[in-house]
2 protein chains.
Amino acid sequence: MDTTNATTSTAEQILALACELVQTRGYNAFSYRDLAGQIGIKSASIHHHFPTKADLGKAMLRRYRENFADALEAIDRSRKSPSGRLSAYFDLFRQTARSDRGVCLGGMLAADMLTLAPEVQAELRAFFADSEEWLKGVLEAGAASGDFSLNGSPKDVALAIVSALEGAMMVARAHADPARFDRATRCLLDSLTKS
Amino acid sequence: MDTTNATTSTAEQILALACELVQTRGYNAFSYRDLAGQIGIKSASIHHHFPTKADLGKAMLRRYRENFADALEAIDRSRKSPSGRLSAYFDLFRQTARSDRGVCLGGMLAADMLTLAPEVQAELRAFFADSEEWLKGVLEAGAASGDFSLNGSPKDVALAIVSALEGAMMVARAHADPARFDRATRCLLDSLTKS
DNA sequence: GTCTATAAGATGATAGAC
DNA sequence: GTCTATCATCTTATAGAC
């Protein structure tokens, strides 16, 4: 019956910490030594789990995408109306914006895009594609039901929403003011739900 | 009469190149050696002009803010209607989004925010404040004239616009697809100018 | 202003013992 | 899986000659 690890595996510990460091400092501002020091092992041990930094980056994004997909499924289960689902999606980002000064892993890696290995770049594009596809479905349903008035195709509005949320996190953090995320995204949400 | 330099000063050359490198790679992914190598001098000479990387970062942002302020003044002179001015502001970002894969210096440094020296952080906040203030004026005029219908206070909508434009550049570049910037920002512009 | 030389430390990564 | 030891290279920065 004991299928859950009482202690998190080292690999998972590394991934969680690496994500946090990327979200706060960026891909090129953390090292294997940073990870090792905070976890309490040596950097050679990190290389055992993730031979290169590209391997680590790819694994980080895979994990982040999975967690994000789980969150979207949870929304689909708990919220049935398009506006409820859209609002819950915004809250996903809101939580990150309010958590200690980090921004979305996707937005952060988008900034570092041109320094990433091709495999990591591909994984990042897939992350955005995941969100855009889910949003497109919600927007189509909301447009059909009359809940939303869209200023463009569902596909384009989905892209606009993802872009705006990523940007809002960045700018809000630059001011060390999470309230700015709320102010910026409230305008966007209102423009979609207003008749 | 010859007040213009036929050859650009070394300091200006350094600043221009440093800006380009930050916009494409990020603050923590370029070095004094990169600058030196591409300009054709030694890294010690870069330190002569900008003793520390924080000095360089601060000077970069000052220069960027000045250029940006000039661009806003040019818009004020050439465009008289609020909608014309807003559209020209969007085009400022559009040009950067289309130029070879770089994004706004402000957006890039916002990602690197937590690794920057306090003085550079302050300069970055001022950059965003400049834009928000100018936009606020344009939005107020447009709301008064009936050109715009705002989903929030001019201050909040200004923040939403800056955030959305920064995010749109990031996401568009992640896909190596400048058209995504246009698709995302078109939705935003339409939502503001639609009655 | 630019150079050579150098410092002190960090970086991603590997080899091989336990 | 983790360790010690090591590597070649890069990083920001300084001292002092030309």
Side-chain angles (χ1 to χ4, degrees), chain A residues 5-22 24-61 108-109 111-121 123, chain B residues 5-22 24-61 108-109 111-121 123:
Chain A
N5 294 349
T7 64
T8 320
S9 75
T10 305
E12 171 59 24
Q13 254 185 290
I14 294 167
L15 284 178
L17 179 58
C19 271
E20 193 190 308
L21 288 176
V22 171
T24 48
R25 304 178 49 84
Y27 185 78
N28 296 301
F30 85 97
S31 71
Y32 271 51
R33 281 185 70 176
D34 294 328
L35 296 171
Q38 287 188 52
I39 292 180
I41 55 178
K42 297 296 170 179
S43 74
S45 303
I46 313 280
H47 279 284
H48 168 76
H49 295 280
F50 305 98
T52 71
K53 207 175 178 182
D55 292 324
L56 178 58
K58 203 168 131 187
M60 257 188 268
L61 267 171
M108 209 61 183
L109 290 175
D112 296 324
M113 189 71 180
L114 268 39
T115 70
L116 303 177
E119 340 132 40
V120 187
Q121 295 185 344
E123 204 69 40
Chain B
N5 292 350
T7 62
T8 320
S9 75
T10 305
E12 170 60 24
Q13 254 186 290
I14 294 168
L15 284 178
L17 179 58
C19 270
E20 193 190 309
L21 287 176
V22 171
T24 50
R25 305 178 49 84
Y27 185 79
N28 296 300
F30 85 96
S31 71
Y32 272 49
R33 279 184 71 178
D34 294 329
L35 295 171
Q38 286 187 52
I39 292 180
I41 56 179
K42 297 295 172 180
S43 73
S45 302
I46 312 282
H47 279 284
H48 168 76
H49 295 279
F50 306 98
T52 71
K53 206 176 179 181
D55 292 323
L56 178 57
K58 202 168 134 188
M60 256 188 271
L61 267 171
M108 208 63 182
L109 289 176
D112 296 323
M113 188 72 178
L114 268 40
T115 70
L116 302 177
E119 339 133 41
V120 187
Q121 295 185 344
E123 204 68 41

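Per chain, numbering begins at 1; letters A, B, ... match sequence-line order.
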(request) May I have the step-by-step check of side-chain contact (heavy atoms from CB on, under 4.5 Å) for A:Lys53 and A:Phe30, ending in yes or no? (result) CA-CA 10 Å; A:Lys53 207 175 178 182; A:Phe30 85 97; 3.7 Å; yes
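Rounded to whole angstrom, the span from the CZ atom of A:Arg33 across to the P atom of C:dT14 amounts to 18 Å. Taking atom NE2 of B:His47 as the reference point, atom P of C:dT4 lies 15 Å away to the nearest angstrom. Following rounding to the nearest Å, B:His48 (NE2) and D:dG16 (P) show an atom-to-atom distance of 17 Å. Distance, B:His49 NE2 to C:dG1 P: 6 Å, rounded to whole Å. D:dT11 atom P lies 14 Å from atom OH of B:Tyr27, rounded to whole Å. Straight-line distance from the OH atom of A:Tyr32 to the C1' atom of C:dT14: 13 Å, rounded to whole Å. Distance, B:Lys42 NZ to D:dC10 C1': 15 Å, rounded to whole Å. As rounded to whole Å, 14 Å separates atom P of C:dG1 from atom CD1 of B:Ile39.
Within the 4.5 Å cutoff, no side-chain heavy atoms of B:Asn28 are placed close to those of A:Asp112.
Summary of the strand contacts: A:Ala29 and A:Ala44 both lie near DNA chain C, and taking for each the nucleotide with the nearest heavy atom, the more 5' one is attributed to A:Ala29.
Close to C:dT11, at under 4.0 Å from its OP1 or OP2, lies a side-chain N or O of A:Ser31. Between D:dT2 and A:Thr10, a contact under 4.0 Å exists linking OP1 or OP2 to a side-chain N or O.
In this structure, A:Phe50 reaches neither bases nor backbone, as no heavy-atom distance under 4.0 Å exists between it and the strands shown.
Looking at the side chain of A:Lys53, the nearest of the listed nucleotides D:dC3, D:dA13, C:dG12 is C:dG12.
Cation-pi geometry between A:Lys58 and A:Phe50 is not met at under 6.0 angstrom from the ring centre and within 45 degrees of the axis.
Side chain to side chain, B:Asp55 and B:Thr52 meet the donor-acceptor criterion of an N or O pair below 3.5 Å.
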